[in-house]
Undergrad: 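Pasting a structure below so you can have a look.
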Amino acid sequence: MTAFTAADHAHMAQAMRLAERGLFTTTPNPRVGCVIVKNGARGGEVVGEGWHARAGEPHAEIHALRAAGEQARGATVYVTLEPCSHHGRTPPCANALIDASVARVVAAMRDPNPRVSGGGMSLLTLAGIQAEVGLLETEARELNLGFIARMTRGRPWLRVKTASSLDGKTALLNGESKWITGPAARADVHAWRARACAILTGVGTVLADDPRMNVRGVETPRQPLKIIVDSRLETPPTAQILRGGALIACAVDDPTKRAALEAAGAQVLCIPGSHGRVGLAALIGELGQRGLNEIHVEAGATLNGALLDAGLVDEWIAYLAPLVMGDVARGLFALPALTEMAKRLPFKLLDSRQVGDDLRLTLRTA
């Protein structure tokens with residue numbers, strides 16, 4: 001294993017910070033940052049920096065090389081993802097690094113696309129450039145969970161957000177739910193929405209709350225795609241969520257309803273599953289085919305439970321308010337009754353922190 005220096009770590013950490021600048025904008029591409037340094041392993045001088053902002057625009061390495069100019073010759077390049085080795089919307093970054101005569105390239109992780117993984121590093125090695133991988137790989141993977149998921153398994157990373165009382169209730173029995181959590185937690189949710197490629201909800205939430213499901217209070221140049229799971233096309237054409245466009249997934253097509261929804265700006269996609277419901281696995285797979293990396297779910301217990309029961313949930317962001325709402329209030333996940341503890345659905349707690357007066361838990365499926 002390569003012994004990276006403290007200076008190597010510092011420069012890669014800066015590349016990570018640069019990559020985060022594309023957090024809301026790079027879809028369907030990964031978030032990538034790059035730093036070019038003279039005498040990088042010994043500290044040296046930063047001569048070029050760059051990050052990838054949008055698909056179709058230059059990659060991080062190209063921005064950094066342009067900033068460095070002739071000073072890139074003999075320099076060390078720190079990049080958060082293996083330089084690409086194939087022609088896409090832009091030429092291969094590996095070739096650009098070779099043409100610039102850099103001496104060393106350190107990548108945080110390999111390209112997760114199995115068709116090209118390792119290709120960029122191999123090109124660099126064949127050109128006589130010292131190529132190393134694995135520095136801050138855990139951090140790099142966290143930054144691009146959705147892209148990695150889509151490349152390796154063909155579907156996006158699915159993150160469910162819930163807001164509940166301490167006893168796990170999301171609304172009163174009569175449906176009233178505003179507000180369980182405080183202003184700080186509700187503002188925090190918009191940052192999660194902003195980094196997602198799409199916000200997914202169910203028709204029950206649309207009918208009950210008429211939500212906008214957009215990003216507010218976060219500076220972002222684009223809004224995520226809005227997706228409604230609506231088996232029988234019950235979404236009203238006047239629903240606020242349709243403003244700016246939305247994708248509606250149904251199980252039973254109705255030409256009259258479809259025409260009204262399409263006139264309101266929606267795209268209707270019929271994906272029938274069992275029992276007259278939308279085929280959720282097929283829907284999530286379709287979203288991967290459309291280049292969506294991260295899906296943010298804000299839905300009721302029925303859709304939350306169906307996604308969890310289908311094994312489609314990767315991450316759960318749970319906001320807990322310091323209050324109790326009682327046994328008959330509405331819960332988080334509608335699931336079949338368990339008859340033995342061995343069938344329970346375990347999660348791994350990654351993080352817990354206070355947000356205003358509420359607690360935010362970050363959990364992953366175990």
Side-chain angles (χ1 to χ4, degrees), residues 20 22-31 142-150 153 155-164 170 177 180-181 185-206 209 211-230 239-249 278 280-281 283-288 290-308 310-319 332-333 347 350-351 355 358 360-365:
E20 289 175 354
L23 191 65
F24 304 153
T25 60
T26 61
T27 302
N29 290 355
R31 300 139 181 162
E142 283 293 317
L143 191 60
N144 284 304
L145 286 169
F147 180 75
I148 295 169
R150 187 167 63 84
R153 69 186 189 191
R155 62 180 174 89
W157 182 264
L158 196 141
R159 179 182 293 116
V160 171
K161 166 263 171 182
T162 62
S164 72
T170 62
S177 61
I180 294 174
T181 54
R186 297 199 300 273
D188 191 59
V189 169
H190 284 271
W192 291 104
R193 287 184 180 183
R195 69 171 287 165
C197 306
I199 300 171
L200 177 72
T201 193
V203 68
T205 298
V206 174
D209 301 333
R212 286 177 282 177
M213 286 295 179
N214 58 3
V215 177
R216 302 183 296 278
V218 177
E219 187 176 346
T220 175
R222 60 103 177 133
Q223 289 286 338
L225 172 67
K226 293 169 288 187
I227 305 170
I228 307 166
V229 176
D230 181 0
Q240 292 191 94
I241 195 171
L242 299 183
R243 296 174 185 172
L247 174 67
I248 300 178
V278 172
L280 294 176
L283 170 61
I284 301 303
E286 170 66 22
L287 299 181
R290 295 183 178 216
L292 303 183
N293 293 330
E294 294 183 20
I295 308 300
H296 175 91
V297 180
E298 291 192 32
T302 300
L303 181 54
N304 285 345
L307 290 167
L308 187 59
L312 297 171
V313 175
D314 297 300
E315 187 171 21
W316 179 14
I317 306 296
Y319 294 88
L332 291 163
F333 297 92
F347 282 83
L350 292 189
D351 180 72
V355 181
D358 305 308
R360 188 188 78 194
L361 305 180
T362 303
L363 307 106
R364 301 263 171 88
T365 47

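Computed from a prediction, not measured in an experiment: that's the story for all the values here. Scope of the values below: all heavy atoms of this structure, side chains included, with no hydrogens, waters or symmetry mates. Index from 1, following the sequence.
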Undergrad: Please walk me through it: do Asp230 and Val206 pass side-chain contact (heavy atoms from CB on, under 4.5 Å)?
TA: CA-CA 10 Å; Asp230 181 0; Val206 174; over 6 Å; no
Undergrad: Check step by step if side-chain contact (heavy atoms from CB on, under 4.5 Å) holds for Val160 and Leu308.
TA: CA-CA 9 Å; Val160 171; Leu308 187 59; over 6 Å; no
Undergrad: A side-chain contact here means heavy atoms from C-beta on lying under 4.5 Å apart; do Phe347 and Thr365 qualify?
TA: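 Yes, side chains in contact.
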Undergrad: Could you walk me through whether Trp316 and Phe333 pass ring pair (Phe, Tyr, Trp, His ring centres under 6.0 Å), step by step?
TA: CA-CA 12 Å; Trp316 179 14; Phe333 297 92; 5.0 Å; yes
Undergrad: If the condition is side-chain hydrogen bond (donor to acceptor under 3.5 Å, both in side chains), which residues does Arg216 pass it with, not counting sequence neighbours?
TA: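 Partners of Arg216 under the side-chain hydrogen bond (donor to acceptor under 3.5 Å, both in side chains) test: Asn214.
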Undergrad: Quiz question: by atom type and distance under 3.5 Å, do the side chains of Arg31 and Asn144 form a donor-acceptor pair?
TA: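 Looking only at side-chain atoms, Asn144 and Arg31 do not form any donor-acceptor pair under 3.5 Å.
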Undergrad: Among residues at least two apart in sequence or on other chains, which ones pass salt bridge (charged side-chain N to carboxylate O under 4.0 Å, His left out) with Arg159?
TA: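 Checked Arg159 against salt bridge (charged side-chain N to carboxylate O under 4.0 Å, His left out); matches are Glu294, Glu315.
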Undergrad: Quick one: closest heavy-atom pair of Ala185 and Asp358, and the distance?
TA: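 Residues Ala185 and Asp358, closest heavy atoms: CB-OD2, 3.5 Å.
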Undergrad: Holding to salt bridge (charged side-chain N to carboxylate O under 4.0 Å, His left out), I want the full list of residues that pass it with Asp209, two or more places apart in sequence or in another chain.
TA: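 Applying salt bridge (charged side-chain N to carboxylate O under 4.0 Å, His left out) to Asp209 gives none.
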Undergrad: Please tell me if the side chains of Met213 and Ile228 come closer than 4.5 Å, counting only heavy atoms from C-beta onward.
TA: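 Contact flag for Met213/Ile228 side chains = no.
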Undergrad: Roughly how far apart are Cys197 SG and Leu225 CG, rounded to 0.5 Å?
TA: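 Going from the SG atom of Cys197 to the CG atom of Leu225 covers 9.5 Å.
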Undergrad: Heavy atoms only: give me the nearest Leu143-Arg195 pair and the separation to one decimal.
TA: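 Heavy-atom minimum between the residues: O-NH2, 4.0 Å.
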Undergrad: Show the nearest heavy-atom pair for residues Arg222 and Phe24, with the distance to one decimal.
TA: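 Heavy atoms of Arg222 and Phe24 come nearest at NE-O, 2.6 Å.
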Undergrad: Between Ala281 and Leu312, which heavy-atom pair has the shortest distance, and what is it?
TA: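 Ala281 and Leu312 have their closest heavy atoms at N-CD1, 3.8 Å.
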Undergrad: Let me confirm one number: the CG-OG1 distance from Asp351 to Thr362, rounded to the nearest 0.5 Å.
TA: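 The distance works out to 4.5 Å.
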Undergrad: Can you see which heavy atom on Val189 is nearest to which on Lys161, and at what distance?
TA: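 Shortest heavy-atom separation between Val189 and Lys161 comes out as CG2-CE, 3.7 Å.
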Undergrad: Where is the tightest heavy-atom contact between Leu303 and Gly202, given as atom of each residue plus distance?
TA: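 Scanning both residues, the minimum pair turns out to be CD2-N, 3.6 Å.
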Undergrad: Check step by step if side-chain contact (heavy atoms from CB on, under 4.5 Å) holds for Arg155 and Asp314.
TA: CA-CA 11 Å; Arg155 62 180 174 89; Asp314 297 300; 3.9 Å; yes
Undergrad: Is the backbone N or O of Pro156 less than 3.5 Å from a side-chain atom of Arg153, with the two atoms forming a donor-acceptor pair by type?
TA: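 Checked: pair present.
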Undergrad: How long is the gap from CZ on Arg186 to CD1 on Ile180, to the nearest 0.5 Å?
TA: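 Between Arg186 CZ and Ile180 CD1, I get 10.5 Å after rounding to 0.5 Å.
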Undergrad: Any sub-3.5 Å donor-acceptor pair from Arg150's side-chain atoms to Pro28's backbone N or O?
TA: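 Yes; judged by distance alone, with no hydrogens or angles, the pair exists.
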Undergrad: If you measure from CD1 on Ile317 to CG on Asp188, what distance do you get to the nearest 0.5 Å?
TA: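 So the gap between those two atoms works out to 8.5 Å.
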Undergrad: Verify side-chain contact (heavy atoms from CB on, under 4.5 Å) between Leu145 and Arg364, making sure each step is shown before the conclusion.
TA: CA-CA 12 Å; Leu145 286 169; Arg364 301 263 171 88; 3.4 Å; yes
Undergrad: Check whether Ser164 reaches the backbone of Thr170 with its side chain - one donor and one acceptor, N or O, closer than 3.5 Å.
TA: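 Flag not set: sc Ser164 to bb Thr170 has no pair under 3.5 Å.
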Undergrad: Within the structure provided, determine whether Ile248 and Leu242 are in side-chain contact (heavy-atom separation under 4.5 Å).
TA: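 When only atoms from C-beta onward are counted, Leu242 and Ile248 do touch, with a gap below 4.5 Å.
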Undergrad: Check whether any side-chain heavy atom of Val229 sits under 4.5 Å from a side-chain heavy atom of Leu280, and report yes or no.
TA: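 When only atoms from C-beta onward are counted, Leu280 and Val229 do touch, with a gap below 4.5 Å.
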Undergrad: Lys226 pairs by side-chain contact (heavy atoms from CB on, under 4.5 Å) with which of Leu200, Thr201, Ile241?
TA: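 That would be Ile241.
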Undergrad: To the nearest 0.5 Å, what is the distance between CD on Glu298 and OG1 on Thr205?
TA: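 Nearest 0.5 Å value for the CD-OG1 distance: 9.0 Å.
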